[in-house]
There are 2 protein chains.
Amino acid sequence: MHRKYTTMFSKACEYGIRAVIYIAQKSLNEERASLKDITAEIDSPEAFTAKVLQQLARAKIINSVKGPNGGFEIKKEDIDSIKLSEIVNALDGDSIYKGCGLGLKVCNANEPCPVHDKFTTIRSELRKMLENTSLFELATSLETGLTYLKR
Amino acid sequence: MHRKYTTMFSKACEYGIRAVIYIAQKSLNEERASLKDITAEIDSPEAFTAKVLQQLARAKIINSVKGPNGGFEIKKEDIDSIKLSEIVNALDGDSIYKGCGLGLKVCNANEPCPVHDKFTTIRSELRKMLENTSLFELATSLETGLTYLKR
DNA sequence: TTTAATTCGGATAAATTTGTCCGAATTAAA
DNA sequence: TTTAATTCGGACAAATTTATCCGAATTAAA
């Protein structure tokens with residue numbers, strides 16, 4: 001009965017982040033990434049990943065191009081200004097920053113839950129981190145072989 | 001398609017933490033808390049909470065007593081040494097500390113995912129916080145009316 | 001113009017988490 | 001000893017998340 005895996009983000013968001021990093025890497029090299037490329041490269045389920053990419057396209061975080069040689073891309077000049085927080089926000093919303101750690105609907109500095117202050121600290125760290133991490137740094141660390149998206 | 005609520009813990013764990021804090025408060029006053037007391041006090045679904053309490057009893061975090069005037073309790077002298085981390089561990093496991101932020105099965109300092117270092121920092125903060133927060137401080141803040149478990 | 005490669009979108013299915021129901025077991029009190 | 005209050009445990013149901021399938025729409029290339 002206990003959870004198999006407690007992840008910070010939904011699966012959709014995990015795949016989404018990985019996909020966007022890969023698309024960014026390709027875009028920096030003036031190439032598009034097709035769905036097949038992406039799922040092969042990040043090792044994710046194809047149809048499900050397609051849905052996630054659709055959502056990211058609707059949110060204007062990536063651009064989609066239909067037809068032969070189509071695929072997904074990100075404008076080179078945008079890659080530095082896109083932050084991890086935008087991707088997370090588009091897929092998982094903002095309750096990771098805002099919601100109460102114990103699930104209370106009402107929980108704030110005036111009427112805090114017992115862990116309110118402690119969680120506020122952690123979550124603000126998380127938020128700062130996501131807001132300060134750019135797609136550019138993630139994509140270049142991948143390009144230079146320092147980091148990995150599979151396995 | 002995006003998540004309604006992205007919570008740090010499972011619902012089971014949220015209810016579990018709230019329940020244990022309440023039981024601790026009662027135990028500090030030499031009283032037992034019955035399932036009904038608990039679900040009324042923390043505003044949680046009764047049958048589901050019962051399962052969570054069973055798990056916590058099996059994990060020896062709380063003690064259960066059947067029969068009239070039965071309920072749940074925690075030995076007074078244990079309340080200070082029980083940390084939030086034990087409750088979370090019993091209900092959600094330890095993947096919140098250990099798992100990769102992007103869901104990779106292999107992800108470590110040698111073969112890191114692009115966000116590995118940044119997540120390691122955040123998660124270590126979270127872990128420290130959970131390991132350093134005792135049930136005693138949470139229960140007394142509730143007792144003194146500084147914090148709340150409902151709404 | 002035809003073909004083929006691609007994303008889009010809707011329906012559906014599987015897996016997991018959340019939640020309910022109810023009888024069995026236990027045990028204190030009447 | 002009987003009754004009633006309680007937790008325990010198993011089966012089941014609902015909701016959400018994860019995942020698949022497939023035809024439609026688009027569009028570049030042949």
Side-chain angles (χ1 to χ4, degrees), chain A residues 1-19 23 26 31-40 42-74 91-93 95-96 103, chain B residues 1-16 18-19 23 26 31-40 42-74 91-93 95-96 102-103:
Chain A
M1 153 143 197
H2 97 212
R3 277 208 164 175
K4 299 288 175 237
Y5 297 106
T6 301
T7 54
M8 190 122 352
F9 306 125
S10 68
K11 274 287 166 197
C13 193
E14 288 180 355
Y15 298 147
I17 295 170
R18 288 199 260 156
I23 295 167
K26 294 286 271 187
E31 286 173 20
R32 258 178 217 147
S34 75
L35 176 61
K36 281 194 178 176
D37 287 349
I38 295 168
T39 57
I42 73 174
D43 190 27
S44 68
E46 195 168 309
F48 189 64
T49 305
K51 300 289 187 196
V52 174
L53 291 170
Q54 253 181 82
Q55 252 190 286
L56 290 167
R58 281 193 211 114
K60 315 260 189 209
I61 290 168
I62 61 180
N63 185 245
S64 71
V65 179
K66 291 176 197 167
N69 296 316
F72 300 89
E73 62 190 12
I74 305 174
L91 298 171
D92 278 357
S95 54
I96 196 166
Chain B
M1 150 143 198
H2 96 211
R3 275 209 165 174
K4 298 289 174 232
Y5 298 106
T6 302
T7 54
M8 188 124 350
F9 306 126
S10 68
K11 274 287 167 198
C13 193
E14 289 180 354
Y15 298 147
R18 288 199 259 156
I23 296 167
K26 294 285 270 185
E31 286 173 20
R32 258 177 217 148
S34 74
L35 176 61
K36 281 194 178 175
D37 287 349
I38 295 168
T39 56
I42 73 174
D43 191 27
S44 67
E46 195 168 308
F48 188 64
T49 305
K51 301 288 187 196
V52 175
L53 291 170
Q54 253 182 83
Q55 252 190 287
L56 290 167
R58 282 192 210 113
K60 315 261 188 208
I61 290 168
I62 62 180
N63 184 244
S64 70
V65 179
K66 292 177 198 166
N69 294 316
F72 300 89
E73 62 189 12
I74 305 175
L91 297 171
D92 277 357
S95 55
I96 196 165
L102 297 187

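Throughout, protein chains are lettered first and strands after them, A, B, ... in sequence-line order, and every chain is numbered starting at 1.
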Kindly express the pairing pattern of DNA chain C in dot-bracket notation, using | wherever a base pairs with another strand and counting only Watson-Crick or G-U pairs under 3.5 Å. ||||||||||||||||||||||||||||||

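- Counting to the nearest Å, the P atom of dT6(D) and the NZ atom of Lys36(B) are 7 Å from each other.
- A donor-acceptor pair is defined here as one N or O able to donate and one able to accept, closer than 3.5 Å; such a pair exists between the side chain of Ser34(A) and the backbone of Asp37(A).
- Taking atom CG on Leu56(B) and atom C1' on dT7(D), their separation rounds to 14 Å, with Å as the unit.
- Here dT7(D) presents its P atom at 12 Å from CD of Glu73(B), a figure rounded to the nearest Å.
- Distances shown here put every side-chain N or O of Arg58(B) at or beyond 4.0 Å from the OP1 or OP2 atom of dT7(D).
- Using a 4.5 Å heavy-atom cutoff, the side chains of Ile74(B) and Asn63(B) are not in contact.
- Of the residues near DNA chain D, Ser64(B) and Tyr15(A), the one whose nearest nucleotide (by heavy atom distance) lies more toward the 5' end is Ser64(B).
- Of the candidates dT7(D), dT7(C), dT18(D), dT7(C) carries the atom nearest the Phe72(A) side chain, counting heavy atoms from C-beta on.
- Asn63(A) has its CG atom 14 Å from the C1' atom of dC8(C), to the nearest Å.
- Summary of the strand contacts: Ser10(A) and Ile38(B) both lie near DNA chain D, and taking for each the nucleotide with the nearest heavy atom, the more 5' one is attributed to Ile38(B).
- Counting to the nearest Å, the P atom of dT20(D) and the CG atom of Leu35(A) are 12 Å from each other.
- Proximity of Phe72(A) to Ile38(A): side-chain heavy atoms (C-beta onward) are separated by under 4.5 Å at one or more points.
- With a 4.5 Å cut-off on side-chain heavy atoms, Ile62(A) and Glu73(A) do not count as touching.
- The shortest distance between side-chain heavy atoms of Tyr15(B) and Leu91(B) does not fall below 4.5 Å.
- Residues that satisfy the side chain to side chain donor-acceptor pair (under 3.5 Å) test with Glu31(A), not counting sequence neighbours, are Lys26(A).
- Rounding to whole angstrom units, CG of residue Leu53(B) and C1' of dG9(D) are separated by 14 Å.
- Under 3.5 Å, the side chains of Ser44(B) and Thr39(B) contain no donor-acceptor pair of N or O atoms.
- The distance from atom CG of Asp43(A) to atom OG1 of Thr49(A), rounded to the nearest 0.5 Å, is 9.5 Å.
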Could you go through nucleotides 20-29 of chain C and list every protein N or O atom that sits under 3.5 Å from one of its N or O atoms, giving the distance for each pair?
| from | atom 1 | to | atom 2 | distance (Å) |
| --- | --- | --- | --- | --- |
| dA29(C) | OP1 | Asn69(B) | ND2 | 3.2 |

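- Note that CG of Asp92(A) and CE of Met8(A) are 11.5 Å apart. Values are rounded to the nearest 0.5 Å.
- The separation between Gln54(A) atom CD and dA19(D) atom P is 16 Å, rounded to whole Å.
- Note: OH (Tyr5(A)) to P (dT17(C)) measures 11 Å, nearest angstrom.
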